[in-house]
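This structure is a prediction, so every number in the text was calculated from the model and none was measured. Just so it is clear: chains get the letters A, B, ... in the order the sequence lines come, proteins before strands, and each one is counted from 1.
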Amino acid sequence: MSAPDVVLRVENVTKRFGGVVALNDVTLSVGRGEIVGLIGPNGSGKTTLFNCITGVYKPDKGRVFFMGRDITGLQPHEVAKLGIARTWQKVRPFRNLTVLEAVTTGALLRTDSVEEARKTAVEVLELIGLPREEWGRLGSEITLMEHKLVDLARALATGPKLLLLDEIAAGLRPHEQERLAEVIKKVWSDRGLTIVVVEHVMRFVMSLSKRVVVLHEGRVIAEGPPEEVASNPRVIEAYLGIKPV
Amino acid sequence: MTRSTLLSIALFQAALLAVGFLVSGNNYYMLLLTQVALFAAFVAAWNIIGGLTGQLDLASSAYMALGGIVTSLLWMRLGLPPVVGVWVGGAVAAGLAVLIGIPTFRFGVREVWYALMTASLVVILNNLFRYFMGPWDFYLPNKWGWLYLRPRTYFELFIIVDVVLLAVILVNIYISGSKIGYYLRNIKEDELVSEAVGVDTRLYKLIALAIYSFITGAAGFLQVVIYSSFSYRLFDAGLAISIAIMGIIGGLGSISGAIAAAVVFRALGEYLRSTLGGVIPGLDLLLYGVALIVVGILKPEGLAGLFNQLRRWWRK
Amino acid sequence: MSVGGLLVAVLQQVIDGVFLGLFYAIVASGLALIFGVMDIINFAHGDLVMISAYFVWLISTYLNIDPLLSMLLVLPVLFVLGLAIQKGLINPVLGKEPLIQIAVTVGLGFVLQNIALGYFKAEPRGYPNPVFSEGLSIGPFVIYESKLLSAAVSVLVLFLLDQFLSRTRLGLAMRAVTDDRSSAMLMGINVERVYLLTFAIGMVLVGVASGLWMEMGQVWPYLGTSFSLVSWVAVALAGLGSIRGLAVSAVIIGIAESMGSLISPSVKMAVVYLIFFFILWFKPRGFFAKR
Amino acid sequence: YTSKPAATPSPSPTPTKVKIEKVVIGVVQPLTGPYAIFGREAVDAARLVVDIINNELGGVRSLGGAKLDIVVEDAGTSPESARLAAEKLISQYHVPIIYGAYISRFTMAMGTVTEQNKVILVTDALVDDLANQGWMYFFRVAPRASAHGVSAVDFVMDMAKKYNVTIRTAVIINEDSVFGTTVSNGAHLQLVKYGVEVSSHITYPYDITDMSPIIDQIKRLNPDIIIAVPYFSDGVLFAKTAKAAGLNPKFIAGAGACGFTDPDSIKAAGDAVLYYTNTYSYNPAKPTEWNSKLVSEFMRRYGKMPTEAAGEVFYSFFTIYEALEKAGQMFPDDPLNPDHLRQAFLSLDLNESNSIAAQLYPTGRIKFAPNGENLYAGTAVLQVQLINGTLTPVVVWPQPQEGVQPVFPRPGS
Amino acid sequence: MTRLLELRRVNAGYGEFKVLHDVSLYVDKGEIVAVVGPNGAGKTTLLRTIMGYTTLYSGSVVFKSADISGKRVHERVALGLTMVPEGRGIFPNLTVEENLLAGAYLERDKSKVRERLELVYSIFPRLKERRGQLAGSLSGGEAQMLALGRGLMTSPELLLVDEMSLGLAPKVVLALFDLVVKLNKEYGLTMLVVEQHVKNALEISSRGYVLENGRVVLEGDGRSLLSNEMLKKAYLIY
Ligand SMILES: Nc1ncnc2c1ncn2[C@@H]1O[C@H](COP(=O)(O)OP(=O)(O)OP(=O)(O)O)[C@@H](O)[C@H]1O
Ligand SMILES: Nc1ncnc2c1ncn2[C@@H]1O[C@H](COP(=O)(O)OP(=O)(O)OP(=O)(O)O)[C@@H](O)[C@H]1O
Ligand SMILES: [Mg+2]
Ligand SMILES: [Mg+2]
């Protein structure tokens with residue numbers, strides 16, 4: 001992969017919390033237009049990696065590059081401005097805003113006009129397929145699932161180049177997961193996105209990504225096409241338990 | 001701005017002016033009306049930082065006093081007429097607010113800590129001014145006129161205050177409909193999530209703080225005009241708290257609620273003071289306290305909640 | 001002043017400050033408990049101390065006994081009063097916007113102040129000859145008995161409170177309720193009872209503080225304002241819910257105030273709060289913050 | 001300030017020789033907030049005085065027996081509300097005279113209103129500045145603040161000479177309000193005049209809760225005397241802490257009233273305040289007929305000794321009464337016209353033989369300078385002494401009350 | 001078999017917003033009962049209604065043959081009923097171990113508490129490693145384990161579990177289902193589970209209910225539901 005094609009590069013990133021080493025010398029790259037699956041046991045450092053990329057945490061060691069630019073230690077909003085958007089594993093409800101308002105806020109990153117931003121928000125919400133009746137509901141009234149969709153919509157509305165999805169499908173029924181996967185594929189191709197998906201639902205990951213990276217105890221233990229990774233004995237031992245169907 | 005908001009502002013203004021004309025023959029009511037409107041303006045300004053942005057700011061009276069004192073001193077020492085001076089007063093207040101706001105937001109002081117920090121700011125300034133200007137009351141010069149924002153009649157003073165109030169309302173409405181407003185409301189909900197969608201939370205909190213403190217500082221001189229004198233006691237922690245409380249009793253973020261609360265409680269306070277204060281001392285404040293408790297417990301969504309309820313009921 | 005003299009002066013102020021701080025710690029302990037457990041922003045804390053001090057004074061003058069003894073009689077009353085306040089005023093605003101809580105508690109403060117004003121009048125009331133009213137001279141230093149006593153009581157009470165919260169079932173339950181009210185119910189914790197007990201115990205601590213205060217000072221309707229903000233600052237500086245932290249932060253405040261007195265007692269609070277400012281900038285959640 | 005349409009009803013009644021039914025006097029006092037102690041006592045005293053004037057003296061005779069009436073307003077807790085109170089008294093009740101408002105900045109806010117509306121303002125606020133505003137309708141019977149400081153020092157130096165005690169150094173402490181500062185500055189200058197070295201001048205806020213840092217500081221300075229200007233609870237706290245610390249200078253004199261010798265302070269402080277003194281704008285022990293009468297009436301009605309706030313009302317209200325009498329005589333056509341009232345006030349020259357007010361006043365004389373200050377203002381000094389086993393405040397200066405001697409210096413110092 | 005829990009024509013919801021319509025179901029002692037259904041069907045609301053968090057408009061909740069409809073949450077817990085809530089609801093500022101101890105709040109016998117603690121640690125060794133860490137900083141999956149462990153610490157007769165396997169690694173999920181069976185078999189723990197892994201859930205359940213739009217649209221034993229064509233189409237595509 002030549003440099004301009006690398007959208008995200010994480011180099012030797014280490015992050016500790018007291019005695020816990022959440023990330024241990026992690027290095028990985030994501031190329032333009034890729035959808036990369038990031039999997040690994042609970043507590044293996046996936047969310048922490050997202051946090052280090054988006055500026056929520058500053059890595060103790062190592063660098064993060066986005067489109068060739070060193071973004072280590074930037075503020076989250078600066079990272080967002082550069083074009084990285086994310087969703088959150090732990091739902092963080094916006095209790096007093098409506099769905100539409102929340103998504104509009106995302107869209108305001110690329111424009112100063114509220115009108116324009118609202119238009120973008122409407123487009124994104126339609127794309128995601130959140131029914132119109134839900135748009136006026138407050139964050140305190142919607143279900144966990146709707147939350148995740150709004151989260152996704154808000155992230156998309158910021159007009160990102162790189163999208164980090166943290167367990168977006170968790171809690172969804174299978175057919176909804178399928179629908180979501182379709183949506184993600186659609187925006188991916190529409191907008192020329194690059195995506196990293198963290199998910200424990202293997203089918204979801206496999207249906208989306210051509211390449212999967214496996215974290216275990218803060219280290220990358222495997223990397224490659226989904227089928228290959230899924231049959232990797234270390235991955236089975238550490239993560240899958242048995243070979244998935 | 002939608003037509004209905006414009007219409008309601010126009011109605012509100014018309015009503016206020018009508019009341020002004022009606023009572024213009026009575027100095028007492030005129031002064032009271034002026035004080036109520038000024039108080040409402042302070043509450044409305046607070047709404048920007050407290051209601052929209054969700055920062056528990058308890059330093060309102062610090063900016064008010066600072067702006068008021070700076071304007072007065074510029075007038076008394078340098079002969080700068082307050083019409084010009086208030087802008088400087090507002091700027092100084094905003095300057096201080098931003099100066100303190102930068103590290104405060106930088107290091108992530110929020111919630112109760114922010115509230116206590118701002119409350120102690122009032123005490124610090126109170127003490128510092130006490131140290132440098134002594135306990136004395138400084139009386140405004142015996143000069144009157146629009147140039148000094150100190151007209152001869154209460155009615156004119158009321159007009160000045162009303163203009164300020166109207167300006168604050170418009171600023172509020174403009175902000176809430178704009179990008180800033182969206183960002184501020186998001187900050188109020190969740191700062192980290194806002195950051196991740198590109199909101200420079202520190203910057204926007206600073207913007208809100210600056211607007212609020214500027215308005216409060218500039219309008220502070222009108223408070224001095226009503227007092228006719230100023231001293232370090234203008235830095236009054238209790239006043240700052242009651243301004244914030246009016247903002248919340250009104251329903252956080254709702255400008256009409258905030259103003260309604262300011263009007264109702266300020267007028268209620270004066271009514272109780274003037275009817276009961278001389279009869280059973282303290283009963284007025286006691287009832288005032290009871291009113292706060294009752295509204296707080298029964299109508300936690302504030303007066304705005306009550307309005308909404310009425311509106312729903314009306315539509316039915 | 002000679003170097004030695006200056007040293008004595010500074011040391012004496014430090015001693016005064018430590019004692020003052022420990023007294024603040026006991027005053028703030030009730031607040032720390034109530035806030036730590038119930039997440040209630042109580043702006044009437046100082047006024048509760050004030051009312052309680054009036055109770056102490058009433059009993060002291062009526063029975064002509066030392067404030068410390070009357071305090072013991074007052075504690076059960078405060079416990080019950082705590083139950084009542086919690087049930088009537090605090091419970092309805094639990095979990096509401098902080099400013100609603102501020103509004104209600106400020107309202108409560110107004111009510112208490114003006115009840116006191118109406119009933120006890122504005123004149124300060126004190127007990128003329130408390131037992132611990134002398135000073136001990138140790139070398140060039142003076143140590144006030146009443147302060148020594150309040151410091152000792154304070155340390156003891158804080159220690160017990162800390163142990164209570166970290167070691168006992170009820171203490172654990174209190175902290176669990178703070179963290180997640182609705183999950184706490186799933187452990188079989190009677191959340192309302194925990195709240196009631198918390199507030200009542202908080203009021204008992206208020207009672208202890210007021211008894212110690214009456215051993216030296218007097219009470220008047222606006223006494224509370226002198227304690228409210230400083231208690232809050234002590235609690236915030238400590239980091240919410242940290243009892244050990246409270247002792248430390250209160251002593252820092254006490255010393256700051258005492259040293260500030262050397263500049264001018266009129267501006268000593270500016271010194272205290274400036275220090276508070278700077279500490280917050282470096283520790284925005286207080287010294288011993290868990291969150 | 002005037003209201004917009006100049007149609008405001010003029011406060012003065014139509015000029016007739018017709019009997020005036022009653023004269024309403026506005027009373028604005030702090031009835032809530034930290035100064036409520038004084039305001040409430042003042043209102044009590046005003047009610048008493050008005051009753052006496054109406055019932056026993058038959059009202060203002062020169063006005064055809066017009067009765068006095070008072071309307072009480074709470075000054076509240078800010079100048080804003082004091083000002084509203086004044087406006088209300090003028091617009092709603094058309095009062096010709098207002099008495100108040102104890103606190104200088106409240107009085108200041110009222111003064112602008114009374115001047116504009118030409119209403120007489122008789123004040124019990126003692127701060128010196130008020131008399132320098134060029135106000136036409138302003139009168140103050142009570143001694144101004146700095147006079148208190150001067151009196152306290154005069155008293156101590158007088159005693160020192162009498163009892164042959166040398167005084168070289170002094171420490172001044174005062175609560176840091178305008179009043180406390182003005183009083184203590186007066187004392188400071190006076191001490192310098194006597195050649196006494198002021199080793200330290202400490203100010204503190206009135207709601208101070210810990211005196212020990214201050215006491216320890218004073219102890220290290222070890223002055224001959226302490227001049228203290230306390231507010232109230234701080235006075236008791238000072239005395240108690242000083243006693244605990246074993247602080248025992250040759251003398252501790254309070255300037256300005258209340259702090260040490262007030263009955264409530266004595267109740268709260270016990271023997272910690274023994275031998276402390278205070279200067280008073282009023283001398284409750286003054287052995288004149290009317291003074292004894294008012295003191296005993298006050299005690300009968302309210303069950304406590306009148307302190308300074310009440311005393312100021314006593315003589316101020318009787319001065320108002322006597323000015324009204326005078327106005328009735330001088331301007332029978334229009335006695336309540338503000339300018340006529342003003343002239344009546346200025347023409348008063350009261351002494352103990354011709355006036356009740358003068359009998360109540362420490363110096364026994366009242367005559368106004370053009371700026372409205374009493375030319376013969378002065379104070380009395382009270383000391384806490386052990387009399388028949390109870391702590392009692394007694395007058396020791398300028399003339400000790402009957403059967404009493406000042407105790408000087410502090411025994412055992 | 002004794003009837004442990006029964007819902008009779010329950011209508012419940014939040015404030016004025018009705019979610020459950022005429023829901024009737026029961027759980028017998030020793031059973032594992034699964035509730036499945038699409039998002040927003042009201043599964044969480046159902047469990048919350050059993051615990052007493054919602055407004056019950058009509059119908060009754062019967063536990064151990066006593067009507068508990070009027071009882072408050074903690075009283076129901078004292079009767080032997082508890083829930084592992086959706087979204088976990090752990091105590092973030094308590095350590096992992098304190099969270100677990102809080103679970104055993106009603107147990108006054110210290111040795112029994114220790115016993116249970118050891119059991120939970122043996123089930124989730126990861127929690128033992130993290131025992132001193134503040135629960136708020138656990139990873140998503142660790143927090144889920146903690147929530148389950150804490151539920152077990154209460155030692156209930158009937159455990160309600162909402163989305164047990166949400167966010168857990170596949171290996172852990174498999175282990176969990178084994179564990180559920182084990183707890184059921186060895187400790188006689190009765191469970192009512194809301195699960196997204198419909199197949200796994202129904203496989204280990206004695207019976208199941210399908211909830212849609214707040215109504216029970218289908219019920220039956222696990223096997224028969226698994227072979228139901230409609231269900232297969234809707235849920236069992238995996
Ligand atoms: N703020 C923190 N303080 C202390 N430890 C932390 C903190 N954040 C994460 N950890 C620890 O770091 C490790 C990695 O956590 P992380 O959230 O990245 O895991 P994950 O891979 O996202 O797991 P899951 O799949 O369960 O969400 C965990 O063991 C967690 O306990
Ligand atoms: N606190 C609440 N207040 C008002 N409505 C609510 C509340 N919680 C949930 N609802 C509504 O109740 C309905 C059922 O929600 P519930 O959470 O019970 O569904 P669920 O089946 O658990 O869905 P999921 O699979 O997404 O967890 C939804 O329409 C939701 O919007
Ligand atoms: Mg994670
Ligand atoms: Mg659910």
Side-chain angles (χ1 to χ4, degrees), chain B residues 50-51 54 56 58 100 103-104 106-117 119-128 130-132 134-135 232 237-238 241-242 244-249 252 280-302, chain C residues 35 39 41 43-44 88-89 91-93 96-119 121-122 221 225 228-230 232-233 235-237 240 260 263-264 266-274 276-278 280-286 289:
Chain B
L56 286 179
L58 298 179
I100 294 170
T104 302
R106 161 76 184 78
F107 294 111
V109 180
R110 37 176 92 89
E111 297 160 21
V112 196
W113 292 271
Y114 183 78
L116 290 172
M117 201 165 188
S120 31
L121 176 65
V122 181
V123 181
I124 291 172
L125 289 176
N126 175 298
N127 278 212
L128 289 181
R130 164 71 186 73
Y131 194 69
F132 289 111
Y232 75 97
I241 290 178
S242 66
I245 287 179
M246 292 308 118
I248 181 84
I249 291 279
L252 268 192
I280 306 171
L283 186 60
D284 54 333
L285 292 176
L286 194 150
L287 290 179
Y288 185 79
V290 170
L292 280 182
I293 293 176
V294 168
V295 174
I297 288 180
L298 295 186
K299 273 270 142 273
E301 335 76 88
Chain C
F35 185 88
D39 230 342
I41 303 196
F43 268 41
L89 296 182
N91 214 31
V93 294
K96 299 263 167 69
E97 290 270 2
L99 263 173
I100 284 283
Q101 302 171 351
I102 293 181
V104 168
T105 51
V106 164
L108 174 64
F110 269 126
V111 170
L112 293 176
Q113 283 174 13
N114 289 289
I115 286 177
L117 182 71
Y119 190 77
K121 306 286 180 296
T225 35
S228 279
L229 187 56
V230 86
W232 260 113
V233 165
V235 171
L237 210 51
L240 297 184
I263 306 171
S264 158
S266 290
V267 300
K268 61 188 171 142
M269 288 332 264
V271 177
V272 171
Y273 295 135
L274 271 173
F276 174 60
F277 254 61
F278 283 107
L280 271 200
W281 283 340
F282 294 103
K283 288 250 154 204
R285 293 280 178 286

Could you look at [X] and say if it's the side chain, the backbone, both or neither that has a heavy atom under 4.5 Å from chain C?
| X | result |
| --- | --- |
| Arg110(B) | both |
| Leu121(B) | both |
| Leu125(B) | neither |

- Query: According to the interplanar angle, ranging from 0 to 90°, do the rings of Phe110(C) and Tyr288(B) count as parallel (below 30°), tilted (30 to 60°) or perpendicular (above 60°)?
  - Reply: perpendicular
Please look at [X] and chain B and tell me whether the side chain, the backbone, both or neither of the residue comes under 4.5 angstrom of a heavy atom of that chain.
| X | result |
| --- | --- |
| Leu108(C) | both |
| Val111(C) | both |
| Phe277(C) | both |
| Lys283(C) | neither |
| Leu112(C) | neither |

- Item | side-chain hydrogen bond (donor to acceptor under 3.5 Å, both in side chains) involving Thr104(B) - partner list, sequence neighbours excluded | Trp281(C)
- Note on the structure: Correct closest heavy-atom pair for Met117(B) and Leu280(C) would be SD-CD1, 3.8 Å
- Query: Arg285(C) side chain to Gly108(B) main-chain N or O, any donor-acceptor pair under 3.5 Å?
  - Reply: yes
- Message: Could you go through Ile248(B) and Ile102(C), starting from their C-alpha distance and side-chain angles, then the distance that decides it, and tell me whether this counts as side-chain contact (heavy atoms from CB on, under 4.5 Å)?
- Response: CA-CA 9 Å; Ile248(B) 181 84; Ile102(C) 293 181; over 6 Å; no
- Does a side-chain heavy-atom distance below 4.5 Å link Asn126(B) with Tyr273(C)? no
